[in-house]
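Accompanying notes for the structure given below.
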2 protein chains.
Amino acid sequence: MGPKEISNISVDCVVFGYDIKRKSLNILLIKRYLESETGSSVLVDDYVLTGYHVYEHETLDEASSRVLNKLTGLTNLYKKQFKAFGAPDRLMGEADQIWVKKKQFSPRTFTIAYYFLLKTEDVTLEGNANKAKWFPIEELPRLGFDHEKIIKEAHEDLKVKCLSEPITFELLPVKFTINDVQDLYQSILGIEIDNRNFRRKLINKKYIIALGEKQTGVSKKPAQLYMFSKDVYDKVFNKNYLISI
Amino acid sequence: MGPKEISNISVDCVVFGYDIKRKSLNILLIKRYLESETGSSVLVDDYVLTGYHVYEHETLDEASSRVLNKLTGLTNLYKKQFKAFGAPDRLMGEADQIWVKKKQFSPRTFTIAYYFLLKTEDVTLEGNANKAKWFPIEELPRLGFDHEKIIKEAHEDLKVKCLSEPITFELLPVKFTINDVQDLYQSILGIEIDNRNFRRKLINKKYIIALGEKQTGVSKKPAQLYMFSKDVYDKVFNKNYLISI
DNA sequence: TTAATAAACGTCATATTAACGTTTGTTAAG
DNA sequence: CTTAACAAACGTTAATATGACGTTTATTAA
């Protein structure tokens, strides 16, 4: 018997995974599926975020990391607790009620939502028991509970956050090109950015460090590789209070 | 008998009140006091945020507004749900345990924390049953539970938020001077700002509208009064994605 | 009448931004 | 080989914003 669970409180994880090859910001989702007794009809067939009840002796941060680790095997990722959801009807969709009954969830469950940032290539989905799958943020499937709302709010939070803090590098490999960063910002924000201005801005940052190396295995002019230095960022970064209202 | 309470979930409200006369950003706190049976010693004597359990049929937003309204009588204030707190030991301080026992709190209570923005002058504290009191953010008293941590995190969130959104006007009267706004930013951020540059920046905003009027009852050159136009802000404001990492 | 003081206006060098144009280095096709 | 295609990388310019100051103006109290 495992640790005791708190029946009406869970954590849910919005896992953002950037696919650098496809230039696509993805969300990792788990399949929910249930047939009727006779197998004659499908009662539940959609996707949900990964989540679980909080244990009796664990913090919210610990719970979220546990849940994320169970699904992906990964630890020490960037994460942010961004909002709690607890509307009385949040588990009250038609399919949700069937699911809640089957799983014996408390019908009034509050969830503390986190988002995580990682590279899709760092996760192995083959043979996972959860039928987990990546979906581009712009092409989400039908979602259970209030998870579409949770994802939308996570995305909005990420949009704002990535403008003021260097969290984007959590979504990229250690070595990246300037255009990789631009593609990522475009994927997150859903906008087009002028390459020449973006490039100049990024190259001028002291914490964006040009490595001597170039890309290999590309069929065009290979790009210069760069890395992000957190050390330089923490020291050099001008914590100026720029009022931009 | 009132609505049924969810025993292990509460909302807590960090009430930011700006005192324009004293140029002070304040927090509204409630006294916790308890003597031993014989009255020979003080068991609990500190302050806490206003908060309460969430009711069975109510959303988190509704719960926070209810709690805020009960204390201040006010509605329709700017509010933000900024974080959930649920560490297993968050009610485990010495005084806290005595209090939790007396009040029959669930020892593992999760709280969803909100902050509210208002003007101290809009709240009447005389004769309130809660012995509520304003404290300057820099001079907080001894606090119960994890409420010091909650206040600190609310303040950090407010610092960031006020740089990118015009929420500061929630803390000021409808008619204000440029220097009022500067004093407010200085109070929130704890920094000094150059008056000439700040003034220029603010006056150039289309949504900062000069009224024809001047201050009255001051013993120096009376300042021009301005107002903030949300309409103009919503229309005119350049929702530019300024990447400032 | 004047001293004190906060409000309001002004200056200037530098930095940043948006909106473009141009050159360079590489591979693949002819 | 030569060249077309194309992404990478560099450059230009005008407009605007910023930081760091100096100066003038309007008001009240002495």
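For clarity, every value in this text was computed on a predicted model and none was experimentally measured. Letters go in sequence order (proteins before strands), and every chain restarts at 1.
In this structure, a donor-acceptor pair under 3.5 Å is absent between the side chains of B:Thr177 and B:Asn179. Looking at A:Ser24 and A:Asn26, their side chains do bring a donor and an acceptor atom within 3.5 Å of each other.
Atom CZ in B:Phe198 sits about 19 Å away from atom C1' in C:dG10, given to the nearest Å. In this structure, the CG atom of A:Asn195 is 14 Å from the C1' atom of C:dT23, given to the nearest Å. Residue B:Ile203 contributes atom CD1, which lies 12 Å from atom P of C:dA7 at whole-angstrom precision. The nearest whole Å value for the distance from the CG atom in A:Asn197 to the C1' atom in D:dA8 is 15 Å. The distance between atom CD of A:Glu192 and atom P of C:dA18, rounded to the nearest whole Å, is 15 Å. A:Arg199 has its CZ atom 19 Å from the P atom of C:dC20, to the nearest Å. One atom, CG of B:Asn204, and another, C1' of D:dT18, lie 12 Å apart when rounded to the nearest Å. D:dA26 atom P lies 16 Å from atom CD of B:Gln215, rounded to whole Å.
How far CD1 of A:Ile137 is from CG of A:Leu25: 5.5 Å, rounded to the nearest 0.5 Å.
In this structure, B:Phe169 and B:Ile208 have side chains that are in contact, with non-hydrogen atoms separated by less than 4.5 Å.
Within 6.0 Å of atom NZ in B:Lys119, more than 12 heavy atoms from other residues, nucleotides or ligands are found, so the atom counts as buried in its surroundings.
Using a 30° and 60° split on the angle between ring planes, B:Tyr233 and B:Phe228 fall in the tilted class, from 30° to 60°.
Taking 4.0 angstrom as the limit, B:Asn179 places a side-chain polar atom (N or O) nearer than this to OP1 or OP2 of C:dA7.
On a pure distance criterion of 3.5 Å, a polar donor-acceptor pair joins the side chain of B:Arg200 and the base of D:dG19. The base of D:dG22 sits within donor-acceptor range of the side chain of B:Arg196, with an N or O pair under 3.5 Å.
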Could you go through nucleotides 26-30 of chain C and list every protein N or O atom that sits under 3.5 Å from one of its N or O atoms, giving the distance for each pair?
{"residue": "C:dT27", "atom": "O4'", "partner": "A:Ser219", "partner atom": "O", "Å": "3.2"}

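Residue pairs satisfying the ring-ring contact (aromatic ring centres under 6.0 Å, His included) criterion with at least one member in residues 184-205 of chain A, sequence neighbours excluded, are listed as follows: A:Tyr185-A:Phe198.
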